[in-house]
Protein chains: 2
Amino acid sequence: MATTMQDVARLAGVSVKTVSNVVNDYPYVRRETRERVMAAINELGYQINASARNLRRGRTGMIGLALPMLSLPYFAELAESVIAAAEERGLVVVIEQTGADRARELDALHGSRRTMTDGLIYSPLALGPEDEERLPDSPPLVLLGERIFSDRVDHVTMRNVEAARAATAYLLGLGRRRIAVVGVHPGERVGSAALRVQGYEQALQDAGLPLDRALYGEVGPWGRAAGAQAIGRLLDSSPDGLPDAVFGLNDTLAIGAMHELQVRGIRVPEDVVVIGFDDIEEAQYSRPTLTSVHFDRDEIAQGAVELLEARVTGRARAPRRVEAAFRIAERSSTGG
Amino acid sequence: MATTMQDVARLAGVSVKTVSNVVNDYPYVRRETRERVMAAINELGYQINASARNLRRGRTGMIGLALPMLSLPYFAELAESVIAAAEERGLVVVIEQTGADRARELDALHGSRRTMTDGLIYSPLALGPEDEERLPDSPPLVLLGERIFSDRVDHVTMRNVEAARAATAYLLGLGRRRIAVVGVHPGERVGSAALRVQGYEQALQDAGLPLDRALYGEVGPWGRAAGAQAIGRLLDSSPDGLPDAVFGLNDTLAIGAMHELQVRGIRVPEDVVVIGFDDIEEAQYSRPTLTSVHFDRDEIAQGAVELLEARVTGRARAPRRVEAAFRIAERSSTGG
DNA sequence: TTGTAAGCGTTATCAT
DNA sequence: ATGATAACGCTTACAA
């Protein structure tokens, strides 16, 4: 059996209360007493029992992070930032992978894991506003990504529409006119894909250009292979007018598309310029390096953890929405 | 206050023990009683209090996973597999990032997080055998990667030496003779770098070839930039004899090196063939696709979680060592 | 400044 | 098959 506060108290010749005071840095403890207790703690190698403390306190010091999967670089990097931000606040992160599966995303909201964490940072892919009614309003929750639920819930969002619009405008500014968009999810209304396409369309309309469905590359998951496939199909089906630019709705799509272009002997950026979204680390090392819409992941992570903690500790007022700033990181794939 | 077993018991007209029996699938409960209890649980939206259960049971159902950082693709993919393997056994994973920092790696071993998890799966970079004495032998621990500690500790290892030897032999089998090795950590003795270099050297010796220090590319961290830099320096300093092959001690190094080679107009695989190590997903989409030493990450993760659980539940006998099998995944970077 | 004692919500022991 | 009741190890009024 592990040593308990009782053991420490006995050895130090004090009560458990005093040991607790020392362990919790309660200020009104005599120096001498504190030292005696510390000595006993070290001698016994005492470690506090987290379960007992949590039970008594009614909090666990752990938060959940639900995301599709860590093998997608964007989510791995996001998780890295969230874990770091949580650590700064003395919180520990439990990761749950939903596989972008609807049932598992719902389960993350209700499952038994909820009781061992104080709250959840949640990055859903398959859920939409129609699921809001299923939201348990009791456990603290912060939505990450686009705003899929009403203002009843804390959100940290990415300004998807504006950023995609800026990315498209950037390509237009380079004189490009036939901009393919890769990663479209037909039928989607509130997800990242839908919002970014919306921004793309707005930019074209701003420029007085028509929308051309032949330039929409539809895919399922947002991986490299999907990006390559989509641009491949697009090139095969409309050999008449080559696009002169590609907007990948995320970086892995853009990298896959860039790959496929080069395989076909199409030069990037000379013949076709390419821009991505998210600015994952890989964008700095692809060939050519990839221009991308940059978000400060640390800012997003900090914001999410802060919102969640405020709600956990009850010092949160009305639900808030944090919007992350963005900028375009110019690299070689657009001739930068 | 959340509803408790008391509330459920009251509503169902039974004792808390019976509610507990139902919740824990204790078989000797009358069907009718069980149904009444379930009804009460649903009506009240009861969720079990994990802290209380953990306190009583003396286990938390959580395991720790300590690794350098999630932004390195290999570790992200490893974490994905560990989380999935843990989930199959009803365990939840808390991730701790050490940043490959020695102090933080040691802290992961002793820190307060240890008390909220039942055990730790641990992938250190900076630690070595000299740290074994600091090992607390009480909390269950599984080492991942190379064997840095004695057989007192459970290990899941990767057969680094044999695999690196096979990779090098593969390049030799292609008729290559000047094989650069990228990612060398001079002075290291037990880490992945040292072991893989050892395998490289064995293969050359097996083939009766001399070791040429001019072919050793030394770097610090194992990222893409490091790989590019290392091969760059190597090419600059010995313009006499171009290497005809590159062995990246991991895939990101290999990808960085491949990138730099191509920037310099050196063709892969025609002029120089490249092989990596770990077989991360990116290897399938690089340009050209990267031949690599493949390990089954799921197998490794399963092994680690299984070892740890055995130790946690006390049904582990002597410490064990699991060695993951490997194979060479042939792709375009070696002409495959 | 320190001690006493009452829970926190479960599970386990022992009855019945 | 179910119920009383005592822990599990800690924090927190309340006392002293």
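Given the structure is predicted, the values throughout are model-derived calculations rather than measurements. Chain naming here is simple, since letters A, B, ... match the order of the sequence lines and numbering starts at 1 in each.
For T33(A) and dT2(C), the shortest distance from a side-chain N or O to OP1 or OP2 is below 4.0 Å. Within the 4.0 Å cut-off from OP1 or OP2 of dT2(D), not a single side-chain nitrogen or oxygen of T18(B) is found. Taking side-chain N and O atoms only, R30(B) has no distance below 4.0 Å to OP1 or OP2 of dA1(D). Regarding contacts with the backbone of dG3(D), a side-chain N or O of S15(B) is found under 4.0 angstrom from either OP1 or OP2. Of the side-chain N and O atoms in N49(A), none sit less than 4.0 angstrom from OP1 or OP2 of dC8(D).
Taking atom OH on Y28(A) and atom P on dG3(C), their separation rounds to 18 Å, with Å as the unit. If you measure from atom CZ of R59(B) to atom C1' of dA12(C), you get 17 Å, rounded to the nearest angstrom. Distance CG (N24(B)) to P (dT2(D)): 15 Å, rounded to an integer number of Å. To the nearest angstrom, P of dG3(D) lies 13 Å from OH of Y26(B). Residue M5(A) contributes atom CE, which lies 14 Å from atom C1' of dC8(D) at whole-angstrom precision. Atom CZ of R53(B) is separated from atom C1' of dA12(C) by 14 Å (rounded to the nearest Å). As rounded to whole Å, 10 Å separates atom C1' of dT10(C) from atom CG of N54(B). In this structure, CG of N21(B) is placed 9 Å from C1' of dA1(D), rounded to the nearest angstrom.
Considering all non-hydrogen atoms of both residues, P27(A) and R34(A) come closest at O-NH2, 4.0 Å.
Atoms CG and CZ, on L109(B) and R114(B) in that order, are 6.5 Å from each other to the nearest 0.5 Å.
Nucleic acid contact class of V23(B) (heavy atoms, under 4.0 Å, all strands): none.
A salt bridge is defined here as a Lys NZ or Arg NE, NH1 or NH2 lying under 4.0 Å from an Asp or Glu carboxylate O, and R30(B) with E35(B) fails to meet this definition.
Checking I48(A), V29(A), D7(A), V8(A) one by one against V19(A), the side-chain contact (heavy atoms from CB on, under 4.5 Å) holds for a single residue, V8(A). The only member of V153(A), L127(A), I121(A), T157(A) that meets side-chain contact (heavy atoms from CB on, under 4.5 Å) when paired with L143(A) is V153(A).
Using a 4.5 Å heavy-atom cutoff, the side chains of H155(B) and R320(B) are not in contact.
N54(B) and T60(B) form no side-chain donor-acceptor contact under 3.5 Å, judged by distance and modelled atom types alone.
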Sub-3.5 Å pairs of nitrogen or oxygen atoms, protein against nucleotides 5-7 of chain C:
residue	atom	partner	partner atom	Å
dG7(C)	N2	R56(A)	NH1	2.9
dG7(C)	N3	R56(A)	NH1	3.2

